[in-house]
Amino acid sequence: MAATILVVEDEPAIQELIAYNLKQAGHQLLKADNAEQAMHLVQTALPDLVLLDWMLPGISGVEFARRLRADRRTRQIPIIMLTARSEEQDKLTGLETGADDYVTKPFSPRELNARVKAVLRRRAPQVTDDVVRMGGLELDPASHRVTGNTQPVDLGPTEFRLLHFLMTHSERVHSRAQLLDQVWGDHVFVEERTVDVHIRRLRKALEPTTLDSLIQTVRGTGYRFSTTP
Ligand code: CA
């Protein structure tokens with residue numbers, strides 16, 4: 001499981017400890033010391049998860065979580081709050097702002113990794129190694145293999161990620177901007193027609209298995225993976 005995780009933490013020692021452990025677990029790290037810096041990073045690329053310190057200088061972690069939840073583009077990002085407080089009321093406030101989980105300091109690296117894994121599995125299945133099966137297609141992230149009606153399908157890395165995202169978020173329409181954000185991690189510098197190019201390649205690769213029709217174009221909106229024609 002390799003996710004891009006944004007750590008927002010103003011204490012350098014804790015930030016370093018978290019970054020070290022999450023890198024060891026195979027994740028990519030983005031780091032910010034405060035909410036303003038974190039917002040700037042999120043504007044460029046969407047992380048798969050945010051680890052957010054409650055007590056930050058300037059805009060607090062709670063306020064930052066609220067802002068992420070209030071914005072359509074960032075609403076779905078899973079958030080784990082880091083808190084030095086263990087009082088019940090604070091936990092409730094944290095969860096009310098839309099955090100998916102919280103970890104109380106001091107925490108063990110093992111606990112943190114376990115929580116990150118659990119939240120990703122629940123909220124960001126496209127970054128987990130779980131095998132996905134749907135409509136005759138099977139995608140195995142661990143071995144990077146795809147089969148369609150038991151025939152092997154040869155996909156490039158971008159088509160693989162695109163298919164993985166679409167399969168784990170099936171029966172929903174995704175705009176080109178959303179796909180750029182979710183699959184490319186960049187909606188600013190990559191052009192929207194790039195999505196069309198890779199969708200075309202993906203369909204072509206699926207053609208021999210006759211499963212290319214699972215990737216549907218929704219006119220004027222975007223693309224959808226659906227087992228219903
Ligand atoms: Ca702090």
Side-chain angles (χ1 to χ4, degrees), residues 1-6 23 25-30 42 44-49 72-78 116-117 119-229:
M1 190 187 297
T4 304
I5 299 176
L6 169 61
K23 275 185 197 157
H27 301 297
Q28 298 198 320
L29 269 291
L30 296 168
V42 168
T44 316
L46 279 191
D48 297 310
L49 185 139
R72 209 177 155 202
R73 184 175 160 258
T74 55
R75 195 157 54 199
Q76 298 298 329
I77 305 175
V116 165
K117 209 169 174 177
V119 169
L120 285 173
R121 182 156 282 152
R122 190 151 45 91
R123 298 285 320 282
Q126 75 279 11
V127 300
T128 71
D129 285 340
D130 299 341
V131 174
V132 197
R133 292 184 190 88
M134 213 170 280
L137 264 187
E138 180 176 303
L139 181 144
D140 182 355
S143 65
H144 223 269
R145 285 207 173 104
V146 176
T147 52
N149 291 327
T150 69
Q151 285 180 60
V153 178
D154 192 19
L155 292 181
T158 306
E159 285 72 49
F160 187 91
R161 283 206 310 278
L162 183 58
L163 181 62
H164 196 186
F165 178 80
L166 289 171
M167 285 179 81
T168 50
H169 298 79
S170 63
E171 309 299 338
R172 263 177 278 172
V173 187
H174 307 282
S175 70
R176 289 167 179 83
Q178 282 166 341
L179 289 171
L180 283 177
D181 248 346
Q182 299 288 343
V183 179
W184 279 259
D186 186 337
H187 72 125
V188 181
F189 300 107
V190 187
E191 288 183 57
E192 293 202 351
R193 64 167 181 223
T194 305
V195 175
D196 304 327
V197 171
H198 288 277
I199 287 278
R200 207 148 51 224
R201 284 188 198 158
L202 177 57
R203 281 185 177 139
K204 197 157 178 59
L206 291 173
E207 248 170 41
T209 68
T210 72
L211 294 174
D212 49 303
S213 58
L214 291 169
I215 316 289
Q216 302 174 352
T217 303
V218 182
R219 212 170 286 279
T221 314
Y223 297 102
R224 167 177 65 202
F225 184 99
S226 176
T227 54
T228 320

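For the numbers below, each heavy atom of this structure counts, side chains included, while hydrogens, waters and symmetry mates do not.
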Determine all donor-acceptor pairs shorter than 3.5 Å in which one atom belongs to a side chain in residues 143-160; sequence neighbours excluded.
{"from": "S143", "atom 1": "OG", "to": "D140", "atom 2": "OD2", "distance (Å)": "3.1"}
{"from": "N149", "atom 1": "ND2", "to": "T209", "atom 2": "O", "distance (Å)": "3.0"}
{"from": "E159", "atom 1": "OE2", "to": "H198", "atom 2": "ND1", "distance (Å)": "2.4"}

Go through the structure and list residues passing side-chain contact (heavy atoms from CB on, under 4.5 Å) with [X], not counting sequence neighbours.
X: S213; result: none
X: R75; result: R72
X: Q216; result: R224, S226

Walk me through whether L49 and L120 qualify under side chain to side chain contact (heavy atoms under 4.5 Å, CB included). CA-CA 7 Å; L49 185 139; L120 285 173; 3.8 Å; yes
Report the C-alpha distance between L179 and L162 in whole Å, list the side-chain angles of each, state the deciding distance to 0.1 Å, and finish with yes or no for side chain to side chain contact (heavy atoms under 4.5 Å, CB included). CA-CA 8 Å; L179 289 171; L162 183 58; 4.2 Å; yes
Would you name the heavy atoms of [X] and [Y] that are closest together and state the gap between them?
X: P78; Y: V119; answer: CB-CG1, 3.5 Å
X: A2; Y: G26; answer: CB-O, 3.4 Å
X: A3; Y: H27; answer: N-ND1, 3.0 Å
X: V173; Y: Q178; answer: O-OE1, 4.0 Å

So do [Y] and [X] actually touch side chain to side chain, heavy atoms under 4.5 Å?
X: V218; Y: Y223; value: no
X: I77; Y: P47; value: yes
X: L206; Y: L214; value: no
X: L166; Y: I199; value: yes
X: L137; Y: M167; value: yes
X: H174; Y: F165; value: yes
X: E138; Y: V132; value: no
X: L163; Y: I215; value: yes

Nearest 0.5 Å please: distance from the [atom1] atom of [X] over to the [atom2] atom of [Y].
X: L211; Y: F225; atom1: CG; atom2: CZ; result: 8.0 Å
X: D130; Y: L139; atom1: CG; atom2: CG; result: 11.0 Å
X: D212; Y: K204; atom1: CG; atom2: NZ; result: 10.0 Å

In this structure, are over 12 heavy atoms from other groups packed under 6.0 Å from Q28 atom CD? no
Check against side chain to side chain contact (heavy atoms under 4.5 Å, CB included), T217 and R203: CA-CA 11 Å; T217 303; R203 281 185 177 139; 2.7 Å; yes
What residues form a ring pair (Phe, Tyr, Trp, His ring centres under 6.0 Å) with H164, not counting sequence neighbours? none
When you measure from the side chain of D48 to the backbone of I5, do you find a donor-acceptor pair of N or O atoms at a distance under 3.5 Å? no
Using a distance-only test with no angle check, is there a side-chain donor-acceptor pair under 3.5 angstrom linking R122 and T128? no
Could you walk me through whether V195 and E192 pass the side chain to side chain contact (heavy atoms under 4.5 Å, CB included) check? CA-CA 6 Å; V195 175; E192 293 202 351; 5.5 Å; no
The complete set of salt bridge (Lys or Arg N to Asp or Glu O under 4.0 Å) pairs with one or both residues in residues 168-180, sequence neighbours excluded, reads R176-D196
